[in-house]
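Right, one structure below, let's go through it.
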Protein chains: 2
Amino acid sequence: MSYHHGNLREALLRRAVQVIADSGVEAVSLRGLARDLGVSHAAPRRHFADRRALLAALAQEGFRRSLQAMEDGAREAGDDPIARHRALGRSYVRFACEDPAYFRAINHPEVSDLVDHELAAAKRRWFTTLREGAEAAQRAGWHPEADPQALVAFSVAAAMGAATLFADERWHGVTGGSDAEKLADDVLDLVVHRSRTSAPRARKRTASRSKRNERSAS
Amino acid sequence: MSYHHGNLREALLRRAVQVIADSGVEAVSLRGLARDLGVSHAAPRRHFADRRALLAALAQEGFRRSLQAMEDGAREAGDDPIARHRALGRSYVRFACEDPAYFRAINHPEVSDLVDHELAAAKRRWFTTLREGAEAAQRAGWHPEADPQALVAFSVAAAMGAATLFADERWHGVTGGSDAEKLADDVLDLVVHRSRTSAPRARKRTASRSKRNERSAS
DNA sequence: TGCCAATGTATCCATCGACAACATCGAACC
DNA sequence: GGTTCGATGTTGTCGATGGATACATTGGCA
């Protein structure tokens, strides 16, 4: 092996994702990652000032991925603002289930308490997307009577709560053995009713999306 | 000082609650607690096998307290199952805001991942209460069309999400400078509409409860 | 009174984060 | 081509922590 690793920073992040998926955020240690990658225990320090900086980088990537998923979902949902808003929430829940490591990184207290400008900005973008989605949906007729701020808070709470419920293994017993995809759809329906969306038949569908929607269309 | 502390176990738990409130669950260390209480660093071991056991005890007490709050809230909400179910959620959010240390203990990943029979039982009781509340509310006309399991999951997700939103300081910027009590009420209204509850005027009110509700009645 | 279980103490070890001094590599520059 | 220097990795160290074990003290009970 060469003296220099080549791309230690990326390797550390990738390995950390694995560790989080396997054993949780608590199990991430700089020394442990260094061992796993065959470098000295102080090598990670060249790339991350401390443990929290590494976790912050992971959380930032998590926000980026979840936001990407939400925007993709909204785009595929078509033009109706209510359908788009539902898709934001549904996509976030799907992200949490498919990328639990990043989801845990985002929501871990040790990360959330962190003051980090980049991370705070990523979080703000995430929140803004959901807020604008809620506001647009309200203008389109979703809970017109409600306080807009409450509607935004409700959207955030429902998205976070549902994502936590479906992504955390410790709640799998609660959700029962039933089909998680269908259950998640049903829960989202209680937040933003599909029946309120204007045009399910006129919705543009991509090839990747159509398969996912087959069940919920029944 | 006497050789024996007297009630070290309780003192450890009380001090841990303070530390969590001040600096979060991560800041709880057995040695730190021992220092704060003026005992040797190994003394806590007599009462808690390890750090997680102490956190588990805290979480257990947290479940007990939140459940107590929820049951009290439901009792004060009267007989209508829908009003009672709303009160369960509202009381949980209030518990999270008033006892953030216990709320954090309950939801901290390091605690949730723990396998502990007592803790699991407490959690199960908490969930069962919310499940039965949701089922009773549905029988009384709350979302009669919905899949019962989805309705339960929606209730859990909304309660957890709202509690997280209102209890975690890191979201205070999101909820804006507005009155948190009113906002929480408005959010809960989006989960279980007060207008759907049968008899707000016939509701029994205790002295302690009536003051709290004055604002939300406006 | 004397024994003993409960409780606290004194030490020791491994791991971890953090820091500092040193080593190696490669690329830019002359 | 050789030199210099910044980026990157290594080694050694320190203090804090969790965890384990052997020992000391206390108070209650037989």
Side-chain angles (χ1 to χ4, degrees), chain A residues 1-20 22-59 104-105 108-116 119, chain B residues 1-20 22-59 104-105 108-116 119:
Chain A
M1 274 304 283
S2 62
Y3 187 92
H4 285 86
H5 178 279
N7 200 349
L8 183 54
R9 184 189 157 92
E10 293 309 313
L12 285 167
L13 291 174
R14 251 181 299 131
R15 178 61 190 152
V17 168
Q18 287 183 341
V19 173
I20 293 176
D22 291 346
S23 319
V25 174
E26 287 79 27
V28 173
S29 85
L30 294 178
R31 287 175 113 100
L33 296 178
R35 260 196 311 276
D36 295 345
L37 298 176
V39 296
S40 75
H41 67 264
R45 196 173 164 66
R46 293 287 170 207
H47 303 277
F48 301 100
D50 55 19
R51 179 172 177 276
R52 306 179 84 187
L54 185 145
L55 294 179
L58 276 184
R104 287 194 213 178
H108 198 277
E110 203 171 347
V111 177
S112 327
D113 293 348
L114 193 56
V115 282
D116 178 303
L119 181 56
Chain B
M1 276 300 284
S2 61
Y3 187 92
H4 285 85
H5 178 279
N7 199 349
L8 184 55
R9 184 191 158 91
E10 294 309 313
L12 286 167
L13 291 174
R14 250 181 299 132
R15 179 61 190 152
V17 168
Q18 287 183 342
V19 173
I20 293 175
D22 291 345
S23 319
V25 174
E26 288 79 26
V28 173
S29 84
L30 293 178
R31 289 173 113 100
L33 296 177
R35 260 196 311 275
D36 295 345
L37 298 176
V39 295
S40 74
H41 70 263
R45 196 172 164 66
R46 292 289 169 203
H47 304 276
F48 301 100
D50 56 18
R51 181 172 176 276
R52 305 180 82 185
L54 185 145
L55 295 178
L58 276 185
R104 288 193 212 179
H108 199 277
E110 202 171 350
V111 177
S112 328
D113 293 347
L114 194 56
V115 281
D116 177 304
L119 181 57

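By convention in this document, chain letters (A, B, ...) are assigned in the order of the sequence lines, proteins followed by strands, and residues within each chain are numbered from 1.
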(request) Could you tell me the separation between the CG atom of A:L37 and the P atom of D:dT10, rounded to a whole number of Å? (result) 11 Å
(message) Whole angstroms only, please: what is the CG-P distance between A:N7 and D:dA7?
(response) 16 Å
(message) Quick one, B:E26 with B:H108, criterion side chain to side chain contact (heavy atoms under 4.5 Å, CB included). Give me CA distance, side-chain angles, the key distance, then yes/no.
(response) CA-CA 9 Å; B:E26 288 79 26; B:H108 199 277; 2.5 Å; yes
(message) Taking A:L37's backbone N and O only, do any of them form a donor-acceptor pair with A:R15's side chain (distance below 3.5 Å, no angle check)?
(response) no
(request) Using a cut-off of strictly less than 4.0 Å between a heavy atom of the residue and any atom of DNA chain D, enumerate the qualifying residues of residues 45-58 of chain A by number. (result) A:R46, A:H47
(request) Could you check how far CG of B:L33 sits from P of D:dT17, rounded to whole Å? (result) 10 Å
(request) Return the value, rounded to whole Å, for the distance between atom CZ of A:R9 and atom P of D:dG9. (result) 12 Å
(message) Could you check whether the side chain of A:H41 and the base of C:dT15 have a donor-acceptor pair of N or O atoms closer than 3.5 Å, going by distance alone?
(response) no
(message) Please tell me if A:R31 has a side-chain N or O lying less than 4.0 Å from either OP1 or OP2 of C:dA14.
(response) no
(request) Select from B:G32 and A:A42 the residue whose nearest nucleotide in DNA chain D is closer to the 5' end of that strand. (result) A:A42
(message) Nearest 0.5 angstrom please: B:R31 CZ to B:S40 OG, how far?
(response) 9.5 Å
(request) Report the distance from atom CG of B:L30 to atom CZ of B:F48, rounding to the nearest 0.5 Å. (result) 9.0 Å
(message) Measuring only between side-chain heavy atoms, which start at C-beta, is B:V111 closer than 4.5 Å to B:L58?
(response) no
(request) Quickly work out the A:L8 CG to D:dT8 C1' distance and round it to whole Å. (result) 9 Å
(request) Considering just the side-chain nitrogens and oxygens of B:S40, establish if one lies under 4.0 Å of OP1 or OP2 belonging to C:dA10. (result) no
(request) Would you give the length of the straight line joining atom CG of B:D116 to atom CG of B:L55, rounded to the nearest 0.5 angstrom? (result) 11.0 Å
